[in-house]
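Remember, it's a predicted structure, so these values are computed and weren't measured experimentally.
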Amino acid sequence: MTAFVLRERVGPWRWTAVLLGFLGVIAIAQPSGEAMPAIGVAAGLGAGLVVAIVSFQIRDLSRTETPIACVFWFSFFGALLAAFLLPIYGSAHGTREWLLLFSIGLAGTIAQFLITSALRFGQVATVVVMDYTTLIWATLYGWAIWGHLPSASMWLGAPMIIAAGLIITSREHFLSRRVSPASALDESATRDIQGT
């Protein structure tokens with residue numbers, strides 16, 4: 001979508017990484033098997049579409065707004081929409097629940113600020129592919145906190161997701177270190193001027 005909506009150049013390395021990461025997600029979800037019902041797969045794909053749209057909007061807004069302003073307004077309007085459900089599902093909370101909610105809110109705000117900053121300085125296709133790693137973190141938390149061991153499909157899909165992230169990261173690192181011919185000419189011209 002970044003190639004068509006934002007007119008960003010998405011080369012074969014990034015296409016390969018995105019495809020590999022997506023195949024890893026499919027291997028984990030097993031949409032045709034019993035590991036995840038069809039409604040779960042549909043919800044996951046719908047969430048992915050929403051994340052992509054929001055990422056485009058954040059990328060566009062970050063040209064004129066600061067990351068903290070983007071996070072504030074995103075949270076403000078999200079809270080307004082969620083407030084409609086408050087009379088239906090709302091209930092009183094104890095001290096423990098308030099502390100948990102505060103911790104989740106603080107962690108979510110910091111995470112959203114970092115993602116917004118990344119989208120401001122990086123390309124959407126590069127930043128969003130890293131979102132695949134949430135499956136890995138969820139697996140680690142499930143094992144460490146609840147003792148839930150990953151299924152065989154997780155062991156198949158997780159390395160594909162990790163490989164996608166490594167491909168993107170190494171490619172971006174390579175491209176950032178590469179010197180363009182124009183800048184090389186500018187540097188040699190600067191050295192000539194300084195030398196005379």
Side-chain angles (χ1 to χ4, degrees), residues 1-2 14-59 67 70-71 74-75 77-79 81-82 85 89 91 93 96-173:
M1 289 176 69
T2 60
R14 248 188 289 176
W15 280 120
T16 302
V18 169
L19 179 63
L20 186 62
F22 188 68
L23 289 175
V25 171
I26 290 175
I28 292 170
Q30 295 182 5
S32 62
E34 297 179 1
M36 184 176 291
I39 188 71
V41 174
L45 290 175
L49 178 63
V50 170
V51 166
I53 292 169
V54 168
S55 299
F56 293 139
Q57 291 176 331
I58 290 172
R59 170 75 178 190
C70 292
V71 171
F74 181 80
S75 301
F77 286 110
L81 291 173
L85 300 175
Y89 298 103
S91 62
H93 299 305
R96 181 176 180 270
E97 287 80 13
W98 279 114
L99 287 173
L100 285 171
L101 287 171
F102 177 78
S103 300
I104 291 168
L106 181 63
T109 301
I110 292 169
Q112 189 62 47
F113 176 78
L114 294 174
I115 290 170
T116 302
S117 298
L119 287 168
R120 182 178 190 182
F121 298 110
Q123 293 189 351
V124 174
T126 305
V127 175
V128 172
V129 78
M130 294 301 166
D131 197 41
Y132 290 145
T133 60
T134 56
L135 289 170
I136 299 166
W137 294 112
T139 301
L140 289 174
Y141 290 140
W143 172 70
I145 298 171
W146 293 284
H148 183 267
L149 293 174
S151 63
S153 62
M154 178 63 74
W155 292 113
L156 174 66
M160 297 167 75
I161 295 169
I162 293 169
L166 291 175
I167 289 170
I168 290 287
T169 304
S170 62
R171 184 67 179 162
E172 291 301 315
H173 180 70

Using every non-hydrogen atom in the two residues, find where [X] and [Y] come nearest and quote the distance to one decimal.
X: Trp143; Y: Leu149; value: CD1-CD2, 2.9 Å
X: Tyr141; Y: Trp146; value: O-CE3, 3.8 Å
X: Ala27; Y: Leu156; value: CB-CD2, 4.0 Å
X: Phe74; Y: Gln112; value: CE2-OE1, 4.1 Å
X: Ala17; Y: Ala164; value: O-CB, 3.0 Å
X: Cys70; Y: Thr116; value: CB-CG2, 3.8 Å

- Message: Between Phe77 and Leu81, does the side chain to side chain contact (heavy atoms under 4.5 Å, CB included) criterion hold? Intermediate values first, please.
- Response: CA-CA 6 Å; Phe77 286 110; Leu81 291 173; 5.6 Å; no

- Do other residues, nucleotides or ligands put more than 12 heavy atoms under 6.0 Å from His148 NE2? no

Nearest-0.5 Å distance that lies between atom [atom1] in [X] and atom [atom2] in [Y]:
X: Leu20; Y: Met160; atom1: CG; atom2: CE; result: 5.0 Å
X: His93; Y: Leu99; atom1: NE2; atom2: CG; result: 12.0 Å
X: Leu19; Y: Ile167; atom1: CG; atom2: CD1; result: 10.0 Å

- Task: State, yes or no, whether a side-chain contact exists between Val71 and Pro67 at a heavy-atom distance under 4.5 Å.
- Result: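 Not touching, per the 4.5 Å side-chain cut-off.
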
